[in-house]
2 protein chains.
Amino acid sequence: MARKTTAERRRQVSQIVLGIIAEQGIEGVSMEAVARAAGIVPSALYRHYAGKDEMILAALNSFIDELETRMRALGPRPAAEVLAGMLAVQAEIMPLQLAIPQILFSPASKDQRELHRQAVKNLQDRILGGIAEVVQRGQAEGQFSPDIDPLAAAHLFMGLLVIVTLRWYVVGAAYDAAAMKKEGWRILELALGSAKSRSGAGRKGRRRKE
Amino acid sequence: MARKTTAERRRQVSQIVLGIIAEQGIEGVSMEAVARAAGIVPSALYRHYAGKDEMILAALNSFIDELETRMRALGPRPAAEVLAGMLAVQAEIMPLQLAIPQILFSPASKDQRELHRQAVKNLQDRILGGIAEVVQRGQAEGQFSPDIDPLAAAHLFMGLLVIVTLRWYVVGAAYDAAAMKKEGWRILELALGSAKSRSGAGRKGRRRKE
DNA sequence: ACCTGAACACCGTTCAAGT
DNA sequence: ACCTGAACACCGTTCAAGT
């Protein structure tokens, strides 16, 4: 009943997986649960995916696709604003972010582990690269110090996201993730702009932080 | 053969677990492998541990114990030096660091998940608290800016460690973890000292761009 | 008190057979 | 081409029985 083409099925399943992760966390994702939600039987999923992990990775990639278009919609705002925007968006992403280590350390067959690593690397590349790009633009526009390695700055930024997510997961409701992101970002912004504020502050007259 | 008291066995097993993680990564840790190395049978481990995850957590805690004493040995050096020292030490810790998400996201019985979360929280608390303490000392000694939240700074620092570890795991040998840590730390140090350097910026006149 | 060996439980995966 | 149902595989875990 309700046979679907592979493309359709994968689209549907990605939505289901993202939904389960958002509601119950990554632990809720089992082949049985996903198949049931899709109205098929677990083994049928293997016509469309190489395995569980590829299924989850596909869902994450489709999510990042969506995220990138949303990010692009922020358009040509100042780099610092874009980064702050990422921090804000991240609140809703935290459960999904947790899926990445899950995949990375799932007890998969040794044959597939290399594939997972490669897939997670691609995810990281996309995120890290996107952040570094924004930093670079900030430098080009004179907002950030030019003598900072954009990739290293992206590491710090992404590290903040990851740590806050891990802490939120572990500490629970008592953890004020938003406040920690805000203060962490304030410190990081200090560094990004610091060397530049030292050099000649010629013509940038925007709002200045005290 | 070779019956041991629980205390002895746990000590031995912790060493075995840490060894396996260091050599083969967390994936190599199975009840079978650990038991074999200990010269007993898998089910015998359950006399000494509630389960696999408690076993790994015990090993990690014993490792952090050792690490703390090593850190204390650094004594009253300047705070910035101590932090840089942590970064250096971290190279050998990376495989162990990877064990934490593994435990956190292991498909354990729902009953035990709360215990794991609590245990990982304790690990995080110890690490994060230790870093924040050093930052605070740096502030007290006038090395770091006083208007920075030590805990947020610790987040950024730990975030750097975590990201570098994840990237190293995913990218492999092509990834220059040391360089990224170095540059990341340089940026972070900029922020930690920036507010202060504003008041007394006097001694460095580096090359200027363009 | 510590250990063994067999059996169980859970879940991802395979495979022959259906439409 | 997509799906089903039964069986398998792997590994953490339990339990009765040994010393």
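When reading the values below, keep in mind they use all heavy atoms of this one structure, side chains included, and skip hydrogens, waters and symmetry mates. A, B, ... follow the sequence lines: proteins, then strands. Residue 1 opens every chain.
Judged by distance alone, the side chains of A:Gln15 and A:Ser62 never bring a donor and an acceptor atom under 3.5 Å apart.
Residue A:Ile40 contributes atom CD1, which lies 12 Å from atom P of D:dG5 at whole-angstrom precision. Distance, B:Arg47 CZ to D:dG18 C1': 12 Å, rounded to whole Å. Counting to the nearest Å, the P atom of C:dC10 and the NZ atom of B:Lys52 are 18 Å from each other. Distance, B:Glu32 CD to C:dG5 P: 13 Å, rounded to whole Å. Separating the CZ atom of B:Arg36 from the C1' atom of D:dC11 is a distance of 13 Å, rounded to the nearest angstrom. Atom pair B:Glu8:CD and C:dC3:C1' shows a separation of 15 Å (rounding to whole Å applied). Taking atom OH of residue A:Tyr46 and atom P of nucleotide C:dG12, one finds them 7 Å apart after rounding to whole Å. In this structure, the CG atom of B:Leu45 is 9 Å from the P atom of C:dC3, given to the nearest Å.
Closest non-hydrogen pair, A:Leu160 versus A:Met180, comes out as CD1-O, 4.4 Å.
Phosphate proximity of D:dA1 to A:Arg9: absent, as no side-chain N or O sits under 4.0 Å from OP1 or OP2.
Within the 4.0 angstrom heavy-atom criterion, base atoms lie near A:Ser43.
Scored by the salt bridge (charged side-chain N to carboxylate O under 4.0 Å, His left out) test, A:Asp125 finds A:Lys121, B:Arg167 as partners (sequence neighbours excluded).
The side chain of B:Pro42 has D:dT13 as its nearest neighbour among C:dT13, D:dC3, D:dT13.
Toward the 5′ end of DNA chain C lies the nearest nucleotide of B:His48, the other residue of the pair B:His48 and A:Met31 mapping further downstream.
Interatomic distance, B:Leu60 CG to B:Leu67 CG, rounded to the nearest 0.5 Å: 11.5 Å. The OG atom of A:Ser14 sits 12.5 Å away from atom CZ of A:Arg9, with the distance rounded to the nearest 0.5 Å.
Both key distances under 3.5 Å define a Watson-Crick or G-U pair, and stretches of 3 or more such consecutive pairs in DNA chain D run C:4-8 with D:12-16, C:12-16 with D:4-8.
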Quiz item: Run the salt bridge (Lys or Arg N to Asp or Glu O under 4.0 Å) check on B:Asp65 and B:Arg126 step by step: do they pass?
Solution: CA-CA 10 Å; B:Asp65 287 343; B:Arg126 292 179 70 176; 2.9 Å; yes
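Ring-plane geometry between B:Trp185 and B:Phe157 is classed as perpendicular, the angle between the planes exceeding 60 degrees on a 0 to 90 degree scale with a lower cut at 30.
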